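Working notes, structure below.
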There are 2 protein chains.
Amino acid sequence: MQITSRFTIAVHVIACIDYFKDDYKVTSGFLAKSTGVNPVIIRGVLSQLKEAGIVNVRQGASGIALAKPLGEISFYDIYEAVDSVKDDGLFRFHENPSEECPVGRNIHAAADSRLMQVQRAMEDEMKRIRVSDVADDIRSRIQAQEA
Amino acid sequence: MQITSRFTIAVHVIACIDYFKDDYKVTSGFLAKSTGVNPVIIRGVLSQLKEAGIVNVRQGASGIALAKPLGEISFYDIYEAVDSVKDDGLFRFHENPSEECPVGRNIHAAADSRLMQVQRAMEDEMKRIRVSDVADDIRSRIQAQEA
DNA sequence: GTAACTTGTAATGTGATATATTACAAGTAT
DNA sequence: ATACTTGTAATATATCACATTACAAGTTAC
């Protein structure tokens, strides 16, 4: 299984809001076109990002803005905001191991800490990456294309 | 999204094969009971583990055995064997970013290396964990329960 | 204040996928 | 030969991500 495209959509959306902030009125429709994703999905993502304190959106009022500078938004912040993986953990555990089997009875407790260890390694790496890293990369690619 | 339960099933299965190797004839039916998972799924997982050189199974012949010692089987080996995440990457990317938008045109290239970086962090951590770590833990839990 | 826009969200459709289940072929062992 | 195994195809079921429609509710500009 994979981590939902909501995550990359959110990264894209945040980068867009910043990139176009001075030139266009950024709306969910605008973002839907840039991402190629349905506007309703975009609004859903925006809602989650808003709840996480990453963007400012107001019903009715157009003009979506960032609530923090790009450099203060990490991949982890976004992942936590848009993905519900946090609740269930990265790994799905088979649900009915036998209570009668000594291995089945203990596998969950024995494996859990290691699964968490893997999940934490992933999350720690996400904390090290900021949207500004991606945005900078985008800008330099755009410049190279213009030249 | 989450990583398929096939992964924890595989860890469970491997631990079982080792734990019961001297006392019971371990079959897919036996493993199905211990895991609480359908025998056909177990056989599918066993096939994948066989292909990865982790277990030995022969059609018709009962008695499934490990192809290597527990200490030489890492979480990563199993993850690679049973999960097809490797093909698509851990992250799903939204598929139709606009070619007309400068951000949309470049987001994929700009984000990809960072997504890979996260995936690699996760996989590296999985390489550090062996099934023997879990099996040892299970044994000591069983002993504590018997006392 | 009303017209033309926005966002928020419920409801529904659709497609993909993980797991369960049935059924049976094919191999092995006693 | 009988009674077990594994291998696998075919199908069912459930879940879930995303798309879509529809509309309520808010904002802004005139």
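To find a chain, count down the sequence lines: A is the first, B the second, and so on, and within it residues start at 1. Just so you know, these numbers use all the heavy atoms, side chains as well, and skip hydrogens, waters and symmetry mates. Fair warning: this is a prediction, and the values are worked out from it, not measured in the lab.
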Take the protein atom [atom1] of [X] and the nucleotide atom [atom2] of [N], then report the distance between them rounded to whole Å.
| X | N | atom1 | atom2 | result |
| --- | --- | --- | --- | --- |
| A/Lys25 | C/dC5 | NZ | P | 9 Å |
| A/Phe93 | C/dT19 | CZ | P | 13 Å |
| B/Ile42 | C/dT21 | CD1 | P | 13 Å |
| B/Asn56 | C/dT28 | CG | C1' | 16 Å |
| B/Arg6 | C/dT17 | CZ | P | 14 Å |
| B/Phe91 | D/dA17 | CZ | P | 16 Å |
| B/Gln48 | C/dT19 | CD | P | 11 Å |

Protein-proximity profile, nucleotides 19-27 of chain D, B/S/- by nucleotide at the 4.0 Å heavy-atom cutoff, equals BBB---BBS
With sequence neighbours excluded, what pairs up with A/Ser74 under the side chain to side chain donor-acceptor pair (under 3.5 Å) test? A/Asp77
Identify whether the distance between the nearest side-chain nitrogen and carboxylate oxygen of A/Asp18 and A/Lys21 falls below 4.0 Å. yes
Applying a 4.0 Å non-hydrogen cut-off, can you work out what B/Ile64 is touching in the nucleic acid: base, sugar-phosphate, or nothing? sugar-phosphate
Which class fits the ring pair A/Phe91 and B/Phe7: parallel under 30°, tilted 30 to 60°, perpendicular over 60°? tilted
Anything under 30° is parallel, anything over 60° is perpendicular, the rest tilted; go ahead and classify B/His12 against A/His94. tilted
Among D/dT6, D/dT8, C/dT7, the one nearest any side-chain atom of A/Ser28 is C/dT7
Under 3.5 Å, side-chain donor or acceptor atoms of residues 43-50 of chain B against the rest of the protein: list the pairs with distances, not counting sequence neighbours.
from    : atom 1 : to      : atom 2 : distance (Å)
B/Arg43 : NE     : B/Ser28 : OG     : 3.2
B/Ser47 : OG     : B/Arg43 : O      : 3.4
B/Gln48 : OE1    : B/Arg6  : NE     : 3.3
B/Gln48 : OE1    : B/Arg6  : NH2    : 2.8
B/Lys50 : NZ     : B/Val57 : O      : 3.1

Indicate yes or no: at least one non-hydrogen side-chain atom of B/Gln145 is less than 4.5 angstrom from one of A/Asn106. yes
